[in-house]
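To find a chain, count down the sequence lines: A is the first, B the second, and so on, and within it residues start at 1.
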Amino acid sequence: MHQKNNEQKPEVASSWLEQLNDRQLEAATHSAGPLLIIAGAGTGKTRTIAYRVAWLIQQGVAPERILLLTFTRRAAQEMLNRARSLCRSSTGKVWGGTFHAVGNRLLRIYGRAAKLEPDFTVADEADSADLLGMIRTELGYSSKDKRFPRKATIRSIYSRVVNSREPLEDVLEKEYPWCIEAEKGLRGIFTEYNKRKQELQVLDYDDLLLFWKYLLEIPEVRERMESQFEHILVDEYQDTNIVQAEILLGLRQKNNNITVVGDDAQSIYSFRGATIRNILEFPKQFPDTTIVTLEENYRSVQPVLDVANAVMEQARFKYTKNLWSNRKSKQRPILMVCTDEAEQCQMVCDEIAKHLDEGIPLQAQAVLFRAGHHSDMLEVELARRNIPFHKYGGLKFIETAHVKDLLAFLRILENPRDDLSWFRVLQMLDGVGPKTARRIVVHLREQKLEFQSLTEFDVPAAAQEQFAGLVDLLLSIQGAGRKIEVATQVERLRNYYEPLLERLHGNPVPRRRDLEQLEHIAQRYRSRGSFITDLTLDPPQSTADFAGPPLKDEDFLILSTMHSAKGCEWQAVYVIHATDGMIPSDMATGDDESIEEERRLFYVAITRAKDWLYLLFPFRYYARRFRTGDFHNYAQLTRFLPAGVTGLLKQQIVRYGIPEDVPVEMDSEQGIRQKIGELWQPDQDF
DNA sequence: TGTAACTCCCCTCCG
DNA sequence: GGGAGTTACA
């Protein structure tokens, strides 16, 4: 039936295109001009884009003239791998990756027009906050008795302002009302921050987008960049911000071959400045847009979709889409009511083991949660039971102090102007604090960044030996230029650093392992520069898990934040802490907008499940209180599961090993039901 | 000038 | 439990 309306369907539309449904086919083979694909969860979005890329290549579009922007590098890789297997030609030259990663690549080519040297370094969130903190201290805002926002908060405010393009005072008033008094100080800090980044040739994440946009305002550069790409495809368009939309507009002034894919019901990144207005207004920005909507869900069984639809049904801002599936099942999703968090861990582990026995590998199962630390207790239990796992999201390997230390050495070698890294490295030495570090950095700048000049510098006695060793090492690596492998450089730096590690940070054993891991990763890179930026733009997952790094073909369970689960799917999904205050997070219950976003996040989590969906609700939490002593808090079920929805779930009350200290009224099943009844408030009107 | 010990406060999601 | 700021002391 695909063939009905086009006898002139090109011969390239060979058998593989028949694996698509009508809508998907229409999207994949859309010839030219703007295309908006509204793709509900699980409707074959990845597949459609992969086919479209393959189709374009078969039509004769050169791979290097295709730009595929995705939310994570993983997503780009997956789509390109699929496309390659379809069109049997290399997709390696396709420009694929996140906005940030592609921006980084383009800035190294065209950056000089914006006074950027090609060897600039990229500062991650923490580096950027450190720089802001330094400036705050210098400008004298820290020691004043007036409360001034912390460096991480300053960083968020800054990011918010540049990404949403709202005036500082509006952002403060709406999002950070307790910082209003700091407005003037913040302005000064931001101005200095931008100046300093320029001097250091350091860009933060936001700059990768801002400079890209800025380059597009220079007509010659803009034209060259636009003509470089014949087709642009953008995934997860609902999670792009204003700057990103402007970049796309800049890239498509003459050529209007642009495809964007997204789902307004899955917009979950407004804290990063994303706005669903981008997707809603796309047809206005690009006249003559063709809109294709994908609604048939190929992922989940119908009972799972029923719950998902019901959760969305109560959204304050209504979405009209209703997902449907041909995959019938009598198995309803399960709402598991547990006594407390410990029992929740037991239940999750038991069910996972049961499904594993039934033949569902660990990799086809995932535990999802709202915040990185929500899985802490579960991780301990998994380790105890020898269930290997990988954790996505949360604190990353790259953010640990020792990895940042080692990276600082590499950054200095790559970009000697990077004072921030110099400060980090110098202060590792015995007897060197902020003052001495500053003197050394000033000296170095006066000596035109020549490492050799450091040999003349008079450091405090306590530091002399370590300092000399450092200078020798830096000189020898720099002197050898590209002749030493990146991994060898890491190895030599690691040898220098390890004696310092123990004094600087506790817990040296897992930290050493991380550094070995870093060296291992470095083997894949030919240039030090790309190693450093890749690590900041696309950091590897945590390797210091309790269970240890899983071997290559070992099976492992996935733990993931709900945000990082975007775009993934598993046969069995366990959403833990389906408790009000966790989902929605009590950090995000301020206004309707954020509650709605939490609802969409919950929706994303639910729609990851193919066959089995478990929602776990521990109704009692330990609360640690220093003065009053520990006590138990009773929690309420997430407000996103009111009475009408709980009817779609199979409710299961578990009593595992009820702790000895539970109150009498909960010592029986009846008592528990009664207690839950109080907590449930199913008729509460939200 | 550097550092160890002590206090207080706050804790999300990501490239 | 960890980061940031303060204080006492080497």
Side-chain angles (χ1 to χ4, degrees), chain A residues 69-76 97-104 122-126 128-130 133 136-137 141-145 147-153 155-156 159 163 178 203-209 236 239-241 243-244 267-274 368-374 376 392-396 398-401 426-427 429-439 459-463 503-507 533-539 560-566 577 581-590 594 597-598 600-602 604-605 624 626:
Chain A
L69 293 161
T70 54
F71 205 74
T72 61
R73 173 182 307 229
R74 217 171 28 171
T98 61
F99 271 89
H100 293 88
V102 171
N104 168 64
V122 180
D124 67 21
E125 197 74 359
S128 152
D130 284 346
R136 181 190 57 181
T137 315
Y141 287 109
S142 50
S143 47
K144 285 197 176 159
D145 36 1
R147 266 174 60 95
F148 204 84
R150 311 183 333 154
K151 62 182 184 182
T153 315
R155 165 75 195 140
S156 322
S159 187
N163 278 307
W178 65 94
L203 298 192
D204 61 31
Y205 286 136
D206 299 327
D207 289 329
L208 293 172
L209 303 182
E236 308 283 6
D239 284 321
T240 54
N241 64 32
V243 181
Q244 289 165 321
S267 148
I268 54 175
Y269 277 92
S270 72
F271 70 92
R272 238 167 80 175
L368 306 184
F369 35 85
R370 175 64 177 82
H373 64 264
H374 286 176
D376 288 354
Y392 291 156
L395 187 77
K396 292 190 191 93
I398 193 77
E399 289 161 4
T400 55
L426 292 170
Q427 291 187 67
L429 309 180
D430 283 318
V432 178
K435 285 274 148 90
T436 314
R438 174 162 298 278
R439 273 172 39 229
V459 287
R503 183 178 63 85
L504 294 167
H505 318 284
N507 215 3
T533 21
D534 263 24
L535 230 40
T536 10
L537 291 179
D538 183 35
S560 173
T561 60
M562 290 156 83
H563 281 91
S564 295
K566 182 159 89 158
H577 295 297
M582 305 281 201
I583 306 171
S585 161
D586 49 15
M587 308 282 299
T589 46
S594 40
E597 179 148 322
E598 296 284 307
R600 294 192 291 268
L601 187 56
F602 189 49
V604 167
R624 301 205 68 117
F626 176 63

Item checked: Comparing A/Ser159 and A/Arg439 on DNA chain B - which has the more 5′ nearest nucleotide -> A/Arg439

Next item on the list: Find which nucleotide of DNA chain B each of A/Pro460 and A/Leu601 is nearest to by heavy atoms, and output the residue with the more 5' nucleotide.
Entry: A/Pro460

Notebook entry, point to check: Sub-3.5 Å donor-acceptor pair from the side chain of A/Ser156 to the main-chain atoms of A/Ala152, do we have one?
Noted result: yes

Note to self: Which nucleotide wins on minimum distance to the side chain of A/Arg136, given the candidates B/dG2, B/dG15, C/dA4?
What the structure shows: C/dA4

Check: For A/Tyr269 and B/dC14, are the ring centres under 5.5 Å apart with planes inclined under 30°?
Finding: no

Item checked: Minimum-distance nucleotide to A/Asp206 side chain [options: C/dA4, B/dT12, B/dG15] -> B/dG15

Notebook entry, point to check: Picking from B/dC13, C/dA4, B/dC11, which would you name as closest to the side chain of A/Thr561?
Noted result: B/dC13

Notebook entry, point to check: What is the distance from CZ of A/Phe271 to C1' of B/dG15, rounded to the nearest Å?
Noted result: 10 Å

Check: What pair of heavy atoms forms the shortest contact from A/Leu208 to A/Leu203, and how long is it?
Finding: CD2-CD1, 4.1 Å

Check: Who is the Watson-Crick or G-U wobble partner of B/dC14, with both distances under 3.5 Å?
Finding: none

Notebook entry, point to check: Reckon A/Lys151 has a side-chain N or O less than 4.0 Å from the OP1 or OP2 of C/dA4?
Noted result: yes

Checklist line | Strand partner of C/dA10, provided both Watson-Crick or wobble distances fall under 3.5 Å | finding: B/dT1

Next item on the list: Without swapping roles, check the side chain of A/Asn163 against the backbone of A/Val243 for a donor-acceptor pair under 3.5 Å.
Entry: no

Item checked: Length of the CZ-P vector between A/Arg155 and B/dC14, whole Å -> 15 Å

Next item on the list: For A/Thr436, answer base if it contacts any base atom (sugar-phosphate contacts may also be present), sugar-phosphate if it contacts only those atoms, and nothing otherwise; contact means non-hydrogen atoms under 4.0 Å.
Entry: sugar-phosphate

Check: Just how far, in rounded Å, is P of B/dC14 from CD of A/Glu125?
Finding: 11 Å

Next item on the list: Specify the separation, in whole Å, of atom NE2 of A/His577 and atom P of B/dT12.
Entry: 15 Å

Check: What closest approach, in Å, do A/Ala565 and A/Leu368 show between heavy atoms, and which atom pair accounts for it?
Finding: CB-CD2, 3.8 Å

Next item on the list: Decide yes or no for A/Leu601 and A/Arg370: does some side-chain heavy atom of the first lie under 4.5 Å from some side-chain heavy atom of the second?
Entry: yes

Margin query: Please report the distance, rounded to the nearest Å, between CZ in A/Phe369 and C1' in B/dC11.
Written below: 17 Å

Note to self: I'd like to know if the side chain of A/His577 reaches the main chain of A/His374, judged simply by a donor and an acceptor atom lying under 3.5 Å from each other, with no hydrogens or angles considered.
What the structure shows: yes

Next item on the list: Could you tell me the separation between the CG atom of A/Asp376 and the P atom of C/dG1, rounded to a whole number of Å?
Entry: 11 Å

Checklist line | Integer-rounded Å distance: B/dT12 P and A/Arg150 CZ | finding: 9 Å

Notebook entry, point to check: Reckon A/Arg73 touches a base, only the sugar-phosphate, or nothing at all at heavy-atom distances under 4.0 Å?
Noted result: nothing

Check: Taking only N and O in the side chain of A/Thr536, is any of them less than 4.0 Å away from OP1 or OP2 of B/dG15?
Finding: no

Check: Can you tell which of B/dT12, B/dC14, C/dG5 lies closest to the side chain of A/Ala371?
Finding: B/dT12

Note to self: Starting the side chain at C-beta, find the nucleotide from C/dG5, B/dT12, B/dG15 nearest to A/Met587.
What the structure shows: B/dT12

Notebook entry, point to check: For B/dT12, does OP1 or OP2 lie under 4.0 Å from any side-chain N or O of A/Arg272?
Noted result: no

Next item on the list: Let me know the distance between CG of A/Asp430 and C1' of B/dG2, rounded to the nearest Å.
Entry: 10 Å

